[in-house]
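Hydrogens, waters and symmetry mates play no part in the numbers below; they use all other heavy atoms, side chains included. Indexing begins at 1, ligand by ligand and atom by atom, following the structure's order.
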Amino acid sequence: MPLPPPSLLLNVIALGPKAAAATRRKATSLTLCRMASTANFAKVWGLKDQSLIKTQGYIDGKWVDAKEGGTILVTSEYPATDEALGSVPEMGLAETKSAIAAAAKAFETWGKTTAKSRHDILMKFYGLMQEHHEDLGKIITLENGKTLTEGKGENAYSSSFIEWYAEEAVRTYGEHIPSPFTNIRNVVIKQPVGVVRKCSSIMTPWNFPSAMITRKLGAALAAGCTTVIKPPPETPFSALALAELSRRAGVPDGVINIVTTQKNVLEVGREMCESKTVKKVSFTGSTAVAKTLYEMSASTLKKVSIEAGGNAPFIVFDDADIDAAVEGAIACKFRGSGQTCVCANRIYVQSSVYADFASRLAEKVSAFKVGNGLDEKTTHGPLIHEKAVSKVKRHVDDAVSRGAQVLVGGQSLPSPGTFYVPTVLADVPAEALLNTEETFGPVAALTKFETEEEVIALANNTDVGLAGYFYSRDVGRVWRVAEALEVGMVGTNTGLISHATIPFGGVKESGLGREGGHGIEEYMNQKLIAFGGI
Ligand SMILES: NC(=O)c1ccc[n+]([C@@H]2O[C@H](COP(=O)([O-])OP(=O)(O)OC[C@H]3O[C@@H](n4cnc5c(N)ncnc54)[C@H](O)[C@@H]3O)[C@@H](O)[C@H]2O)c1
Ligand SMILES: O=CCCC(=O)O
């Protein structure tokens with residue numbers, strides 16, 4: 001089948017009038033928003049419960065400003081319009097130390113609570129996240145830019161981690177191990193990481209402002225750990241709203257602490273990794289930052305969990321259901337406008353179905369409606385910031401300079417600089433940046449292959465290994481390829497794999513440990529008690 005007609009090649013979808021008008025208002029609103037109080041901020045964005053918006057850090061159960069330089073603020077912006085949303089304090093080493101001290105003190109009581117009482121508090125927290133679904137979804141959309149459907153979808157996903165770990169809290173069973181000696185009995189119990197005056201630290205990215213926190217926080221709280229959270233500067237408000245709801249749910253003072261920072265991230269990160277009081281570091285973000293934090297955590301040999309970058313292959317074999325493969329590719333590649341760690345990054349299609357798959361995918365992508373995520377008609381929102389758009393541009397330009405063809409999209413939109421048109425590229429060479437680096441944007445890069453052996457070698461030819469996907473109806477091939485892909489998670493005949501119940505995580509340079517599923521284990525130590533003298 002021939003490739004799509006030229007009419008589809010440059011399908012620019014205009015921003016809605018709302019976004020354009022908002023951009024013109026930018027200068028005025030920047031000034032206004034800087035002056036806005038918490039109440040004004042919530043009014044501007046129309047939340048039902050405006051007290052969910054907090055503009056201070058959260059330490060030892062109190063909303064606090066930065067100790068020093070308290071007026072220097074991190075400003076978060078709505079990516080669809082570039083409008084300032086509000087500010088949070090630029091905290092640093094002093095606040096991080098205070099937060100760690102508060103968490104360590106709170107551990108003395110929280111670490112001794114019963115699993116049932118932690119379950120009950122977490123279920124209350126979960127209930128509050130459900131009750132405030134609309135507001136929490138909207139906060140996510142405003143901070144991150146994803147559509148409101150996706151924002152609310154994230155809140156559902158995020159709250160499911162709190163529910164899941166509430167249920168896990170009461171099932172942290174130990175075991176009895178038969179001894180080779182007649183007078184010894186071996187019993188293993190599980191305890192939260194650290195025994196006295198200890199806590200865990202959590203650092204997360206902007207692409208899931210809420211769910212990347214709860215996937216860690218739920219496990220930590222259920223295990224009996226206390227926490228210091230450093231949210232990303234782009235999306236601090238979801239984290240602060242979660243802290244507010246946790247307080248309402250009865251999570252005691254000091255159990256959750258939030259340090260907001262942008263400029264001081266290096267010193268805050270170092271303290272969270274090097275402090276002897278912190279017994280566990282859990283990070284989600286890029287592989288480059290993960291390596292730095294891992295190295296710093298080595299100084300105290302901490303338990304470390306890392307969920308880092310991916311470069312997911314998505315393979316379509318010639319025996320696949322092509323309609324299903326196209327749907328799967330769209331869900332997998334364009335979720336969050338391509339900004340998820342498990343998004344397909346490289347799409348390999350077997351030669352006999354290549355043209356057919358390419359033309360069907362291009363047709364569907366050309367129908368996307370890009371714009372302000374608050375507009376119901378919008379199917380895909382902006383990228384997080386202009387830097388992200390520059391990376392996508394660089395990758396597309398590189399592929400085109402190496403001979404790739406633009407089937408749809410292939411350019412950014414001028415204003416406010418955060419939009420990249422969903423793009424499909426054909427004949428992307430193996431050595432193009434789109435295939436060798438994580439693009440983190442709305443670009444489907446198609447590459448043709450001939451044999452199963454060849455595509456497995458291509459798919460595994462990367463230092464990272466988070467997720468991988470393939471479509472085939474041959475059961476033998478399904479087993480062979482699933483076993484051969486060097487990734488932590490495989491989707492066969494599906495483009496969506498994420499859920500609270502599954503072990504989420506990668507191999508190679510994509511990370512260490514698993515979240516969701518039995519992820520509570522990452523926040524617990526096993527302790528052997530050998531009973532002698534029997
Ligand atoms: N594997 C996963 O589950 C998963 C999930 C989401 C995102 N990611 C990855 O995250 C990346 C995108 O997110 P990003 O751009 O925000 O990543 P990033 O690594 O730049 O930042 C992640 C977080 O780390 C903080 N940070 C940066 N330098 C730090 C330091 N020295 N000390 C302490 N904290 C520091 C940032 O402020 C942010 O809060 C992608 O590579 C994506 O694949 C992975
Ligand atoms: O971006 C990474 C997380 C995505 C997910 O949990 O599905």
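For atom 6 (O) of ligand 2, the closest heavy atom belonging to the protein is Tyr157 OH, 2.6 Å. Among all non-hydrogen protein atoms, the one lying nearest atom 1 (N) of ligand 1 is Ala308 O, 2.7 Å. Residue, atom and distance of the protein heavy atom nearest to atom 34 (N) of ligand 1 are Val265 CG2, 3.5 Å. When hydrogens are left out, the protein atom nearest atom 8 (N) of ligand 1 is Cys341 CB, 3.6 Å; that is the closest non-hydrogen contact. In terms of protein heavy-atom proximity, atom 13 (O) of ligand 1 is nearest to Pro205 CB, 3.4 Å. Remark: minimum distance from atom 19 (O) of ligand 1 to any protein heavy atom is reached at Ser286 OG, 2.6 Å.
At least one heavy atom of Pro233 sits less than 4.0 Å from an atom of ligand 1. Heavy-atom distances between Arg215 and ligand 1 reach below 4.0 Å in at least one pair. Residue contacts with ligand 1 include Lys230, since one of its heavy atoms falls under 4.0 Å from the ligand. Contact analysis leaves Phe208 out of contact with ligand 1, as no non-hydrogen atom separation drops below 4.0 angstrom. The shell of residues lying under 4.0 angstrom from ligand 1, judged by heavy atoms, excludes Gly506.
Side-chain atoms of Tyr78 and Asn372 include a donor-acceptor pair closer than 3.5 Å. Defined by atom type and a distance below 3.5 Å, a donor-acceptor pair is missing between the side-chain atoms of Glu271 and Thr96. One side chain, Lys302 or Thr300, offers a donor N or O that lies under 3.5 Å from an acceptor on the other. With hydrogens and angles left out, the side-chain atoms of Glu90 and Thr261 include a donor and acceptor closer than 3.5 Å. A donor-acceptor contact under 3.5 angstrom links the side chains of Thr284 and Lys216, judged on distance only.
Listed by number with element, the atoms of ligand 2 under 4.0 Å from a non-hydrogen atom of Met212 are 3 (C), 6 (O). Applying the 4.0 Å criterion to heavy atoms of Gly309 picks out, from ligand 1, the atoms 41 (O), 43 (O). In summary, the atoms of ligand 1 found under 4.0 Å from a heavy atom of Pro232, numbered by their order in the structure, are 39 (O). Proximity to Leu266 (heavy-atom distance under 4.0 Å) selects the following atoms of ligand 1: 31 (N). Those atoms of ligand 1 with a heavy atom of Gly269 less than 4.0 angstrom away are 32 (N), 33 (C). The distance from ligand 1 to the heavy atoms of Phe283 drops below 4.0 Å at these ligand atoms: 19 (O), 22 (C), 23 (C), 24 (O). Which parts of ligand 2 touch Phe504 is read off a 4.0 Å heavy-atom cut-off, strictly below it: atoms 3 (C), 5 (C), 6 (O), 7 (O). Within ligand 2, counting atoms from 1 as listed, the ones closer than 4.0 Å to a heavy atom of Thr340 are 1 (O). Taking every non-hydrogen atom of Val289 and a distance limit under 4.0 Å, the qualifying atoms of ligand 1 come out as 19 (O), 26 (N), 27 (C), 28 (N), 29 (C), 35 (C). Numbered from 1 in the order shown, with element, the atoms of ligand 1 that lie under 4.0 Å from a heavy atom of Thr204 read 23 (C), 38 (C), 39 (O).
For Tyr348 and Phe314, the distance between ring centers is not under 6.0 angstrom.
The number of heavy atoms from other shown groups lying within 6.0 Å of OH (Tyr157) is above 12. Residue Lys364 places its NZ atom among 12 or fewer non-hydrogen atoms of other residues, nucleotides or ligands, all under 6.0 Å distant.
The one candidate from Glu515, Arg215, Glu307, Lys303 that meets the side-chain contact (heavy atoms from CB on, under 4.5 Å) condition with Ser282 is Glu515.
Residue Leu47 holds its CG atom at 11.0 Å from CD of Glu134, rounded to the nearest 0.5 Å.
Of all the heavy atoms of Glu438, the ones lying under 4.0 Å from any atom of ligand 1 belong exclusively to the side chain. Contact annotation for Ile497 and ligand 2: no heavy atom of the residue comes within less than 4.0 Å of the ligand. Looking at Glu515 against ligand 1, nothing comes within 4.0 Å, counting heavy atoms. When heavy-atom distances to ligand 1 are checked against a 4.0 Å cut-off, Met203 comes that close only through its side chain, counted from C-beta outward. With a 4.0 Å cut-off on non-hydrogen atoms, Arg335 touches ligand 2 through its side chain and not its backbone.
Of the listed residues (Val464, Leu293, Leu466), the one carrying the non-hydrogen atom nearest atom 30 (C) of ligand 1 is Leu293. Comparing Gly488, Gly285, Ala388 by heavy-atom distance to atom 9 (C) of ligand 1, the nearest is Gly285.
Considering backbone and side-chain atoms together, Phe440 places no N or O closer than 3.5 Å to any N or O of ligand 1. Residue contacts with ligand 1: Trp206 is placed with a nitrogen or oxygen under 3.5 Å of a nitrogen or oxygen of the ligand (distance criterion only). Residue Thr287 places no N or O, backbone or side chain, under 3.5 Å from any N or O of ligand 1. Not one N or O of Asn207 is nearer than 3.5 Å to an N or O of ligand 1, by distance alone. Looking at ligand 1, you won't find any N or O of Thr292 less than 3.5 Å from one of its N or O atoms. For ligand 2, the polar-atom distance check against Gln339 finds no nitrogen or oxygen pair separated by under 3.5 Å. Geometrically, ligand 1 and Thr284 share no nitrogen or oxygen pair separated by less than 3.5 Å.
Distance remark: protein heavy atom present below 4.0 angstrom from atom 15 (O) of ligand 1.
Between Tyr58 and Trp63, the ring planes lie tilted relative to each other; the angle falls in the 30° to 60° range.
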